[in-house]
Amino acid sequence: MAAPPPAPPADMDELLARAHGLAGRPLAEVAAGLGLATPADTRREKGWIGQLLETALGASAGSAALPDFPRLGVELKTLPVDARGRPRESTYVCTVPLQGAGFDWAASWVRRKLQCVLWFPVQSETGLALGERRLGMPLLWRPDAQEEALLRRDWEELMDLVCAGRLDEISARHGEVLQIRPKAADSRALTDTVSGEGTTVRTLPRGFYLRASFTRRIIERHYVVATAGAPRD
DNA sequence: AGCTGATCATAT
DNA sequence: ATATGATCAGCT
């Protein structure tokens, strides 16, 4: 039966306890517990799983530019995984700032967004009904020195091009772990940016994304530490 | 099969 | 149009 949506967790322990309590459960069960219907698929509701988990964990809803758990400084990210537990998709991080501004990794949105992430793997094999997909074991992650160095290198390389007005030269092929791809309603959406000549021009909005190969490394490396077991291959 | 470019929903 | 949440679908 439907219970009222939980209030925000008071502290990290409470958040992790709730998250661990959801591990292994099918999405339809989680949704039903909150009085929510499960759609047939995510084709027209791509963010449904993420929003379901926000509700289940007591994240502050809405579209405010804040972490999901502002008090705890934790960002929640669902991670669609295949039968082997490997990420099937890249992970959206944030919008690419296209209006000049600072060139400073330490103050960047990417770094802030990724400072502390609660990864929540979700079974995502095609053919497995949405409601029957089960949640995996959540992982609280902070980038280690090596991971941050990789992110920083890509970010600085990409933002160098953006700041030089060379956005049109960037494709999703740039960046070892962090890439820039369109992030818009469709290919006609436009926003302002600054050209190489310094004039304002219209362009497609872009977002930063983590490559699936990078999130795979994250969960494999850090689960090993967390469980003291070997990853399956 | 993996990756890139395009797209879907909702709230402000 | 911006933010939030992402996955779709076609090409290599």
Side-chain angles (χ1 to χ4, degrees), chain A residues 5 8 27 30-31 34 36-70 74-99 101 109-110 112-114 117-131 133 135-136 138 154 158 167-193 200-217 233:
Chain A
L27 298 182
V30 176
L34 296 166
L36 302 174
T38 302
D41 57 63
T42 51
R43 289 170 64 170
R44 304 195 71 87
E45 296 182 63
K46 296 180 181 178
W48 184 79
I49 301 174
Q51 287 163 355
L52 174 68
L53 278 176
E54 288 182 350
T55 303
L57 293 171
S60 52
S63 53
L66 286 171
D68 296 295
F69 302 94
V74 173
E75 184 70 24
L76 174 66
K77 288 290 183 194
T78 58
L79 194 59
V81 296
D82 65 17
R84 292 169 161 174
R86 295 175 178 175
R88 290 173 45 89
E89 292 284 352
S90 55
T91 300
Y92 171 68
V93 180
C94 60
T95 299
V96 178
L98 298 178
Q99 300 269 24
W109 297 0
V110 171
R112 268 185 293 171
K113 279 276 189 182
L114 297 181
V117 177
L118 182 63
W119 294 105
F120 226 130
V122 185
Q123 282 184 312
S124 177
E125 296 100 289
T126 52
L128 181 58
L130 181 58
R133 296 182 184 181
L135 296 170
D154 286 346
L158 291 164
L167 182 63
D168 54 350
E169 295 174 32
I170 298 177
S171 83
R173 294 168 180 79
H174 289 79
E176 182 183 337
V177 301
L178 185 73
Q179 63 183 169
I180 286 181
R181 302 218 309 277
K183 168 63 172 174
D186 54 54
S187 59
R188 279 95 63 193
L190 293 173
T191 189
D192 287 346
T193 188
T200 295
V201 294
R202 306 288 279 164
T203 191
L204 188 58
R206 316 299 167 91
F208 283 113
Y209 294 80
L210 300 178
R211 292 186 183 277
S213 53
F214 183 60
T215 52
R216 176 183 165 186
R217 282 180 31 177
D233 203 55

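Below, read A as the first sequence line, B as the second, and so on, with proteins coming before strands; counting in each chain starts at 1. It should be emphasised that the depicted structure is a prediction, and the values quoted were computed from it without experimental measurement.
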task: Do nucleotides 7-12 of chain C as a string where each nucleotide becomes B, S or -: B if the base has a protein heavy atom under 4.0 Å, S if just the sugar-phosphate does, - if no protein is that close.
output: BBS---
message: Counting distance alone, no hydrogens or angles: does the base of C:dG5 have a donor or acceptor under 3.5 Å from a partner atom on the side chain of A:Lys183?
response: yes
- prompt: Are any side-chain N or O atoms of A:Asp154 and backbone N or O atoms of A:Val177, one a donor and one an acceptor, separated by less than 3.5 Å?
  reply: yes
- prompt: Between atom CZ in A:Phe120 and atom C1' in C:dA6, what is the gap in whole Å?
  reply: 17 Å
task: On DNA chain B, check which nucleotide each of A:Arg44 and A:Leu204 is closest to and give me the residue with the more 5' one.
output: A:Leu204
message: With a 3.5 Å distance limit and no angle check, can you tell me whether A:Arg133 reaches the backbone of A:Leu27 through a side-chain donor-acceptor pair?
response: no
Value in whole Å for how far the C1' atom of B:dA9 lies from CG of A:Leu52: 15 Å
- prompt: Which distance, rounded to the nearest 0.5 Å, do you find between the CG of A:Leu178 and the CZ of A:Phe214?
  reply: 8.5 Å
task: Indicate whether OP1 or OP2 belonging to B:dT10 is found under 4.0 Å from a side-chain N or O atom of A:Gln51.
output: no
- prompt: Side-chain N or O of A:Arg211 less than 4.0 angstrom from OP1 or OP2 on B:dG2?
  reply: no
query: Just to confirm, is there a sub-4.0 Å distance from OP1 or OP2 of B:dT7 to any side-chain nitrogen or oxygen of A:Ser187?
result: yes
- prompt: Looking only at atom types and distance, does a side-chain atom of A:Thr91 sit under 3.5 Å from a main-chain N or O of A:Leu210, one as donor and one as acceptor?
  reply: no
task: Would you classify A:Arg202 as touching base, sugar-phosphate or nothing, given that sugar-phosphate means primed atoms plus P, OP1 and OP2, and contacts are heavy atoms under 4.0 Å?
output: sugar-phosphate
message: Evaluate A:Leu52 against A:Thr78 for side-chain contact (heavy atoms from CB on, under 4.5 Å), listing each step before the verdict.
response: CA-CA 10 Å; A:Leu52 174 68; A:Thr78 58; over 6 Å; no
- prompt: Between A:Thr191 and C:dT2, is there a side-chain N or O to OP1/OP2 distance below 4.0 Å?
  reply: yes
query: How long is the line joining CG of A:Leu190 and C1' of C:dA1, in whole Å?
result: 11 Å
query: If you look at every strand shown and take non-hydrogen atoms under 4.0 Å, does A:Lys113 touch a base, only sugar-phosphate, or nothing?
result: sugar-phosphate
task: Can you tell me the distance, in whole Å, between the CD atom of A:Glu176 and the C1' atom of B:dT4?
output: 18 Å
task: For A:Ala212, answer base if it contacts any base atom (sugar-phosphate contacts may also be present), sugar-phosphate if it contacts only those atoms, and nothing otherwise; contact means non-hydrogen atoms under 4.0 Å.
output: nothing
- request: Would you mind reading off the distance between A:Asp186 atom CG and C:dA6 atom P, rounded to a whole angstrom?
  value: 21 Å
Atom pair distance, as rounded to whole Å: CG in A:Asp68 and C1' in C:dA3: 12 Å
message: From CZ of A:Arg86 over to P of B:dC3, roughly how many Å is that when rounded to an integer?
response: 12 Å
Ring pair (Phe, Tyr, Trp, His ring centres under 6.0 Å) partners of A:Tyr92, counting only residues at least two apart: A:Tyr209
query: Atom CD of A:Gln179 to atom P of B:dC3: distance rounded to whole Å?
result: 9 Å
task: List in chain and number order the residues that pass side-chain contact (heavy atoms from CB on, under 4.5 Å) with A:Glu75, two or more places apart in sequence or in another chain; answer none if no residue qualifies.
output: A:Pro67, A:Asp68, A:Lys77, A:Lys113, A:Val117
